[in-house]
Amino acid sequence: MSGSVKLHSIKKLGQENNGYEFSDTDKTDVYMTMSSPNKDKTCKKKEEGAIRISFFQLFRFASCREILMMIGGGVCALVHGSAQPLMLLVFGMLTDAFIDYDMELHELANPNKTCVNSTIQWKNLSSEENFELNMTRPCGFMEIEDQMTYFAYYYVGIGLSVFILGYLQIYLWVTSAARQIQIIRKTYFRKVMRMEIGWFDCNSVGELNTRMSDDINKINDAIADQVGIFIQRFTTFVSGFMLGFVKGWKLTLVMIAASPLIGVGAALMALFVAKLTGQELLAYAKAGAVADEVLSSMRTVAAFGGENKEVDRYDKNLISAQQWGIRKGIIMGFFTGYLWFIIFLCYALAFWYGSTLVLDTVEYTPGTLLQVFFGVLIGALSLGQASPCLEAFASGRGAATLIFETIEREPEIDCLSEAGYKLDRVKGDIEFHNVSFYYPSRPEVKILDQLSVFVKSGETTAFVGASGAGKSTAVQLIQRFYDPKEGMVTLDGHDIRGLNIQWLRSLIGIVEQEPVLFATTIAENIRYGRPGVTMEDIVQATKEANAYNFIMDLPQKFETLVGEGGGQMSGGQKQRIAIARALVRNPRILLLDMATSALDNESEAVVQEALDKVRLGRTTITIAHRLSTIKNADVIVGFEHGRAVERGKHDELLDRKGVYFTLVTLQSQGDKALNKKAKEMAEEKESAGVDPEKKSAFESGSYRASLRASIRQRSRSQLSNVIAEASMSIAGEPARPYSNSTVSRDMEKTNPIPEEEKIEPAPVARILKYNAPEWPYMVFGSIGAAVNGGVNPLYSLLFSQILATFSMTDPVAQRQEINGICLLFVFIGVISFFTQILQGYAFSKSGELLTRRLRRLGFRAMLGQEIGWFDDHRNSAGALTTRLATDASQVQGATGSQIGMIVNSMTNIGVAIIISFYFSWQLSLIIMCFLPFLALSGGFQARMLTGFAKEDKQALEAAGQISGEALNNIRTIAGLGKEKAFVEMFEVQVEVPYKAALKKANVYGACFGFSQCVIFLANAASYRFGGYLVERQGLHFSIVFRVISAIVTSGQALGRASSYTPDYAKAKISAARFFQLLDRKSKINVYSEEGEKWSDFRGNLEFIDCKFTYPTRPDIQVLNGLTVSVKPGQTLAFVGSSGCGKSTSVQLLERFYDPDHGKVLIDGHDSSQVNVQFLRSKIGIVSQEPILFDCSIAENIKYGDNLREIGMDDVIGAAKKAQLHDFVMSLPEGYDTNVGAQGSQLSRGQKQRIAIARAIIRNPTILLLDEATSALDTESEKTVQDALDKAREGRTCIVIAHRLSTIQNSDTIAVMSRGFVIEKGRHDELMALNGAYYKLVTTGATIS
């Protein structure tokens, strides 16, 4: 079963898709990009989401000093929170002063009244008569300007204290948090570096890196400024309500009585929106599943020309998502309207009831009414603002759960512990006593099974065996990376579990297949081998390792930087530096794990010589695949299935005809064929003058390299055929020269290559162009939004009008006026209810239609890309599905509801400014001076948080590099015992973000204080100037309130508008990413009508000197001058080992790729000039693991031809030819039976026959059979083979097969190796040659 796909689950929306697991043998080159071996299946993980830490436990790392700082910050926040209600007291007195002054003016405007002895009296009456008429209203005290100056001082005083308190509150909290976070970072990293290797198998490095940065930042958010802000807002809430109850409990109760309506409305809205969002996501998940299914079976879709069919299928599923989205818009509009309606009703109720308390029962002054009204209002608002802080606390607790649990976890093998014996003399005898072992990440796969091996000191012991037989595992147990589950490993008779770890590892030098160098100089890298080593020792070690000469040739000699992961050095150079590093330790035990496998012959000879020199007198264990490196070992131990099955010298083992014999025979045969080609290639290269060091990438780095990296993550349990499979790579035929560094590949996994080049945000005009058909909706929506925007300033008009009525003297007119205003409030509420619904509906409709249109276009564009584009890991099925899901919906952020918000804010500001300038331009100008500060302070707070986050990220990057390098190479670091050094380096780097945080605390604190106090200062200035205007220019006092409240609300609207910018920016970036996709010109265009077509298509195929590399792996030559042809109606069979380019040649024929060099001719036409759809319509393909779609059997068969409507008769005809009909008729639902996702409901043989029927229904001229029967048992194979033989009649056919029985009667058999044909001819001709084919047939090996 090679190249099989197992579908785990279609991913939930928006998660990266790890839904596929591939066993990687033959099809590795085809499907490599999708493979994500599912690690962690069994690492006993606690469920991530659970929060198991109380809020106060977050502060467990605080010292007394931090605790004092936090208490100080908390007290400041408490006092700061009560400042706003304090301001209301001043505000109430100020209102009363204005109203009294106005009434006095009214009274004195009567020519019969005058001011006598500080009371207003009738001129023509005596003082007694006046007294009886109750004329006691005082007068003459009202110097309104002086009064206002006095209030302005109050305001300024409160403002300044708010500035200081705000600064301290933020500064103290942020500083104390910075210190604690610093401690958490250090503690966490130190703990992680102490963990045993098995723990790293269960925790991906990427995850640990994110935890180091993101999760710790989340904790920071939960224990820093947010706590202070929460305390402050909560205090405002409490003190606002207290003020209300103390000053006027009746009105407070009336206002609170209405609040459940708001609460219920908000709760229902949240509930409905959550429900509808859920429905929308479900509906989209169906479309997403279609997209995912299609994108992950892209080759099948392309081969059968199903692109347009799939786009329609996807689009059908988008419709219901669109409907749910529109419903959501209406519901949100409805509830927003409802909330505004209730709020305006509350205003009407409060002012109506309040005015009765002021006028009829004279319990309140107008000032008290305002104090109570605003006290409750501000209290309620602050409670709302405090809730986001709770989210920060929760996510901080969630993040801390995992981090603190790691900090508390005791490592099973603690590499930094001082415990354990150190032996006085070490002889170096190593013995395994009945060791059984499995990796903690895969308990179900036994790697070592009762292994018993004795390694004598001073001798060289070689471990050989197929991949996955447990050789490397044994070596890792000697280093004590793991402890055996049963049995024990002893050194000189002492169980190594009782020895001190650092001491034990200091005895061992290890050289691996993929040596890890650190990003520093050569000398430093060697110094890692042993602390305090002198320069002489380093030079000596490099000489022994044959590295001295090449180092001295480098311009900077020993000070040359090797680059990250040693990237600046060639394989051979890295290898020799690693050997020098091992030698400088002067180890008693030397472990060579495939130390030369990644090298070409020349470097190998040099390195091998170095190794032979250093082995003398040391206990050496070598693992190797090349016999040349093993022959002269003192003892050879053959491994199979985790046991040592044979042991002896080279010649003894050859006589035994066991594991070792198999490896040797296969190897020597492979070598001959290769050497010939290698010589030719070398000659070509020499003439081209290629540096031999560079050559290494071609010659080698066997398939084993990739296995190596994955062997920890993927079980190789099906070892039955593994001997043969590995044998070819042992045969020195590196099955596929992989890239020459697995580490670099591991690095890619964890630090994905940065996303595509920086994207310029898309112009809004282009986004709107896609939304053009919806213009009527957008017009109506904008009208609704404009009306909604005008409502806020109208409120200030009505509010000041009510204040004006309090100074009227005629009670009847006063009552009427107040009732009229309250009715107006109700009326405005009703209007705003309807316009909100209009705005919600219109914009959600236009936004959802746009999203659907973009998704469809995006999906179509994706299906139109050439296959090479999907090989890029950034375009994996999961990533693309996520991109369709998120990018398209984020684009709404630049149109749709966003336009509504902008229109809303604009009209709000416009109307407010018109009102205020109309009534008093002087006062308006004064307040306008403060507007920028008001808007700025709001925008600033948002900006500040994001800005600092960026700086923090940069500061953390250096530390992140160190932790990344350490965690990625943890095995090497553990082997060298260098954990402490990395911890120290990390701690130095963490100082940077800490210092930055302290600096930030000052700036942030000052800005916060300023943004909080600006409103107080604005009030002070404007009321003081208002008093001047009232007194000197006879302005009516209500106009002062009108202008001030109008402009303040518009300032808030400005702040709101600026808070929408992040969404807007995100939308532009998403749109740009989308347009980039839409604008990308595919190299092989499926949708175009251009290209050659001809009527008498015969199927005459020729490959002429084709060279090809996969675009994602340009360093690996897959086809290397392939030349082979097949006549119409004939059968060509390809045989050869994995990765020799058999499947690749088929893909060139399908035009999934075009060759880099050379041509593929079809009936004499160059394939790259032929129309893609036309060419593919002539080809039918049956592959080893046929991909079926999640629909009925009939539909799957019909998929074979998407260019015409297919009737059931055709389907049944094809099914009969494929020997499928009888089986289908035995199913209860016949042809309507659903095959399940990826055909999971059917057996292999059944799937295979459906695939054959699907290929037959195309009636293709060319039939490609890629391993079509290899995955079947004998019975199904026979049935399928018959079906295939029928299908082949009269067609040009290319067969790729492993079983010789299936290809013996082909017209031509081509044996491939390394991307070119080494032998071709009929079966008998090739047998007569006694060459590679003959060997394959006679040894009976599967050709893998």
Side-chain angles (χ1 to χ4, degrees), residues 55 73-89 91-92 158 162 165-166 169-170 173 221-222 224-271 273-274 335-336 338-347 349-350 354 370-397 792 795 937-938 941-942 945 1008 1011-1012 1015-1016 1048-1049 1052 1055-1056 1059:
F55 178 64
V75 171
C76 288
L78 270 173
V79 183
H80 180 183
S82 48
Q84 258 188 317
L86 258 181
M87 181 179 97
L88 287 177
L89 291 175
F91 180 67
I158 295 179
V162 159
L165 288 169
Q169 159 194 337
I170 294 289
W173 276 104
D221 288 344
D225 49 338
Q226 293 288 336
V227 187
I229 292 174
F230 179 74
I231 295 175
Q232 170 206 331
R233 288 183 174 156
F234 195 73
T235 315
T236 307
F237 158 68
V238 174
S239 47
F241 273 83
M242 274 166 56
L243 174 81
F245 279 112
V246 171
K247 285 285 188 180
W249 58 271
K250 287 185 179 173
L251 183 58
T252 307
L253 284 177
V254 167
M255 286 183 69
I256 290 180
S259 61
L261 284 174
I262 294 186
V264 167
L268 277 177
M269 171 163 157
L271 186 77
V273 167
F335 278 109
T336 320
Y338 165 80
L339 290 179
W340 278 109
F341 176 59
I342 298 288
I343 287 171
F344 278 110
L345 282 186
C346 284
Y347 287 161
L349 179 69
L370 290 190
Q371 282 169 348
V372 174
F373 177 71
F374 283 117
V376 175
L377 202 64
I378 284 173
L381 280 176
S382 321
L383 186 63
Q385 288 172 319
S387 52
C389 302
L390 294 173
E391 269 177 42
F393 299 156
S395 67
R397 283 167 55 203
N792 268 342
Y795 151 77
S937 73
Q941 272 170 292
L945 295 171
F1008 179 77
S1011 71
Q1012 296 288 309
I1015 182 104
F1016 294 93
V1048 169
T1049 55
Q1052 287 166 341
R1056 263 211 310 277
S1059 77

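Atom set for the values below is all heavy atoms of this structure, side chains included, hydrogens, waters and symmetry mates excluded. All residue numbers in this chain count up from 1 along the given sequence.
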Problem set entry | Criterion side-chain contact (heavy atoms from CB on, under 4.5 Å) on L390 and F55, from CA distance to verdict | CA-CA 10 Å; L390 294 173; F55 178 64; over 6 Å; no
For this session: May I have the step-by-step check of side-chain contact (heavy atoms from CB on, under 4.5 Å) for Q169 and V79, ending in yes or no?
Result: CA-CA 10 Å; Q169 159 194 337; V79 183; over 6 Å; no
For this session: Give the C-alpha distance, both sets of side-chain angles, the deciding distance and a yes or no for side-chain contact (heavy atoms from CB on, under 4.5 Å) between I229 and W173.
Result: CA-CA 10 Å; I229 292 174; W173 276 104; over 6 Å; no
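Relative orientation of the Y338 and F335 rings is perpendicular, given thresholds of 30° and 60° on the angle between their planes. Ring orientation note: the planes of F1008 and H80 are nearly perpendicular, at an angle over 60° on the 30°/60° scale.
Closest of all the heavy-atom pairs between A222 and G396 is CB-CA, 3.7 Å. Contact between S239 and S82 at its shortest, heavy atoms only, is OG-CA, 3.9 Å. Taking all atoms of both residues into account, the shortest heavy-atom contact from G92 to Q371 is CA-NE2, 3.4 Å. Of all heavy-atom pairs spanning G240 and P85, the tightest one is N-CG, 3.8 Å.
Separating the CG atom in L251 from the CD1 atom in I256 is a distance of 10.0 Å, to the nearest 0.5 Å. If you take CZ on F230 and OG on S382, they are separated by 11.5 Å, rounding to the nearest 0.5 Å. For the atom pair I170 CD1 and L165 CG, the distance stands at 12.0 Å (nearest 0.5 Å). Rounding to the nearest 0.5 Å gives a distance of 7.0 Å between CG of L383 and CZ of F234. Here I262 contributes atom CD1 and L345 contributes atom CG; the two are 9.5 Å apart, rounded to the nearest 0.5 Å. Note that CD1 of I158 is 5.0 Å distant from CG of L86, once rounded to the nearest 0.5 Å.
Counting only residues at least two apart or on different chains, the side-chain hydrogen bond (donor to acceptor under 3.5 Å, both in side chains) pairs with a member in residues 244-258 are K250-E363.
Contacts of F245 classified as ring pair (Phe, Tyr, Trp, His ring centres under 6.0 Å), with partners at least two apart in sequence or in another chain: none.
Under the side chain to side chain contact (heavy atoms under 4.5 Å, CB included) test applied with V162, the options M87, Q84, Q1012 reduce to a single match, Q1012.
Not less than 6.0 angstrom separates the ring centroid of F344 from the ring centroid of Y795.
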